[in-house]
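We name chains A, B, ... by the order of the sequence lines, and we start the count at 1 in each one.
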Amino acid sequence: MKLPPETIASIRRRLIGWFARHQRVLPWRSEPTAYRVWLSEVMLQQTQVATALPYFERFMRAFPTVRALAGADLDDVLTLWAGLGYYSRARNLHRAATIIAHELGGRFPDTPAGLLALPGVGRYSAGAILSIAFNQPAPIVDGNVTRVLSRLFALRGDPRSPAGLRRLWSLAEQLVDPRRPGDFNQAMMELGAMVCTPATPSCGKCPVAKLCRALALGQPERFPPARRRSPVRAERWAVAVLRSDAEVLLVRREAAGRWGGLREFPGLVVPASQSAIAALRAMLRERLALRNVRLSPVGQVRHQLSHRDMTVEVFTAAIPSRIEPSSDARWVAPADLSSLAISRLTHKIARAALGA
DNA sequence: AAGGCGGGGGA
DNA sequence: TCCCCAGCCTT
């Protein structure tokens, strides 16, 4: 779809004017260095601004430069990331920092290929960094831009299909203002976040309402078409909170997969057909070489995770002597749990087993 | 091309 | 409840 020059000019002028008046004050906007923009973009992947904000401030205090981040232990990076989710982002961030610090002389890549070579940087994040930090006319397409463009041009069809993505990226490329690419791209996203919202858009406040084909059709909220939802699956877990000398035992999850690299109470997924306590005892014996642990039920913890509905059966046991069951296990005081790289679910389990 | 990956916010 | 969020990576 080739846009008429006057349409492009009008959209640019209206969006940039609106953005100048209505943009939120955000820490990565006041000082858009490549490092700050990169960090913010990674944190904002599938994450709302309000959620990422406090994490960004803490992160910048702890690791003010890419070299500081590269020199940090991954475990400390994961600790600061704990609770934000999608933990591969933190692992990729740390890996990319070491690449920038050690292979690129501390200089951020300023080309599409250079940025795309960094782990955790895809087409969107590369475009955001190029346009916002380096003032280059690179397009971006995220969830906000997808919604705004789908409505502006009343796009039919699945925006996530290959054809839909090609069309969106083509439109974004035509529209991005080469004079102010960073402001234009951020204006598109800001509009999607603040005005052109998913359920009930505020079309009365929209600077491009006059041009909006979906609004002209009378049903802007019908665009883009709703995505089909994957079925919710139930998952049953058993977890043991082992105590000794007022400390509890944590193990570390493997680096890949869900909650990769985080610490947790020893536990496992239990098939519906199996006894939770039997599965737990077998796991403690095989993995931690713990025999004859007297497990007492504490109760159940429920946790919702994406399209998963988890039920955790929590047990506790006192271990008389302070044995070290294996190398990846660690005893910690309950008061220190908040300063470790553990998931929200592990916090919930701790509350259930140890009290507030 | 499809799924997996966390957790929170809003309707 | 259900959908969505400044997406990316693996299979």
Q: May I ask you to decide if A:Ile342's main-chain N or O and A:Thr346's side chain share a donor-acceptor pair within less than 3.5 Å?
A: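 Pair absent, no side-chain N/O of A:Thr346 close to backbone of A:Ile342.
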
Q.
If we ignore hydrogens and angles and just use 3.5 Å, is the side chain of A:Arg147 paired with the main-chain N or O of A:Asp142 as donor and acceptor?
A.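 Pair absent, no side-chain N/O of A:Arg147 close to backbone of A:Asp142.
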
**Q.** From C:dA6, C:dC4, C:dC8, nucleotide with atom closest to A:Ser125 side chain
**A.**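 When the side chain of A:Ser125 is considered, C:dC8 is the closest of C:dA6, C:dC4, C:dC8.
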
Q | Minimal non-hydrogen separation, A:Ile11 against A:Leu175, with atom names | A |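 Scanning both residues, the minimum pair turns out to be CD1-CD2, 3.9 Å.
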
Q. Can you name the closest pair of heavy atoms from A:Leu345 and A:Val312 and give their distance?
A.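 A:Leu345 and A:Val312 have their closest heavy atoms at CD1-CG2, 4.0 Å.
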
Output the rounded distance in Å from [atom1] ([X]) to [atom2] ([N]).
{"X": "A:Leu15", "N": "C:dA6", "atom1": "CG", "atom2": "C1'", "answer": "16 Å"}
{"X": "A:Glu254", "N": "C:dT10", "atom1": "CD", "atom2": "C1'", "answer": "14 Å"}
{"X": "A:His94", "N": "C:dC8", "atom1": "NE2", "atom2": "P", "answer": "21 Å"}
{"X": "A:Leu93", "N": "C:dC8", "atom1": "CG", "atom2": "P", "answer": "13 Å"}
{"X": "A:Leu44", "N": "C:dA6", "atom1": "CG", "atom2": "P", "answer": "8 Å"}
{"X": "A:Glu41", "N": "C:dG7", "atom1": "CD", "atom2": "P", "answer": "8 Å"}
{"X": "A:Arg123", "N": "C:dC9", "atom1": "CZ", "atom2": "P", "answer": "14 Å"}
{"X": "A:Leu116", "N": "C:dC8", "atom1": "CG", "atom2": "C1'", "answer": "11 Å"}

Q. Is the shortest side-chain N to carboxylate O distance from A:Arg281 to A:Glu286 below 4.0 Å?
A.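 So A:Arg281 does not pair with A:Glu286 through a salt bridge.
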
Q) Between A:Arg263 and A:Asp328, is there a side-chain N and carboxylate O pair less than 4.0 Å apart? A)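 Between A:Asp328 and A:Arg263 there is no salt bridge, as every charged N stays at least 4.0 Å from the carboxylate O atoms.
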
Q: Indicate for each nucleotide in nucleotides 1-9 of chain B, in 5' to 3' sequence, whether protein heavy atoms under 4.0 Å reach the base (B), only the sugar-phosphate (S), or nothing (-).
A: S--SBBBBS

Q) If you look at every strand shown and take non-hydrogen atoms under 4.0 Å, does A:Leu26 touch a base, only sugar-phosphate, or nothing? A)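 Touches a base.
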
Q: For A:Val121, report the nucleic acid contact type (base, sugar-phosphate, nothing); a contact means any heavy atom under 4.0 Å.
A: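 Result for A:Val121 = sugar-phosphate.
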
Q: Would you kindly compare A:Pro119 and A:Trp28 by the position of their nearest DNA chain C nucleotide and give the one closer to the 5′ end?
A: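 Upstream on the strand: A:Trp28.
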
Q) More 5' along DNA chain C: A:Leu118 or A:Val49, using each one's nearest nucleotide? A)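 Here A:Val49 is the residue nearer the 5' end.
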
(Q) Between C:dC9 and B:dG8, how far apart are the two C1' atoms, rounded to whole Å? (A)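 Nearest-Å result for C:dC9 against B:dG8 at atom C1': 23 Å.
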
Q. C:dA6 and B:dG4: how far apart are their P atoms, nearest whole angstrom?
A.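 To the nearest whole Å, 23 Å.
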
Q: Using the six-membered ring wherever Trp is involved, compare the ring planes of A:Phe63 and A:Phe59 and label them parallel, tilted or perpendicular (cut-offs 30° and 60°).
A: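 The rings of A:Phe63 and A:Phe59 stand perpendicular, inter-plane angle above 60°.
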
Q.
Please name the nucleotide paired to B:dG6 by Watson-Crick or G-U wobble geometry with both distances under 3.5 Å, or report none.
A.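 Paired with no nucleotide.
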
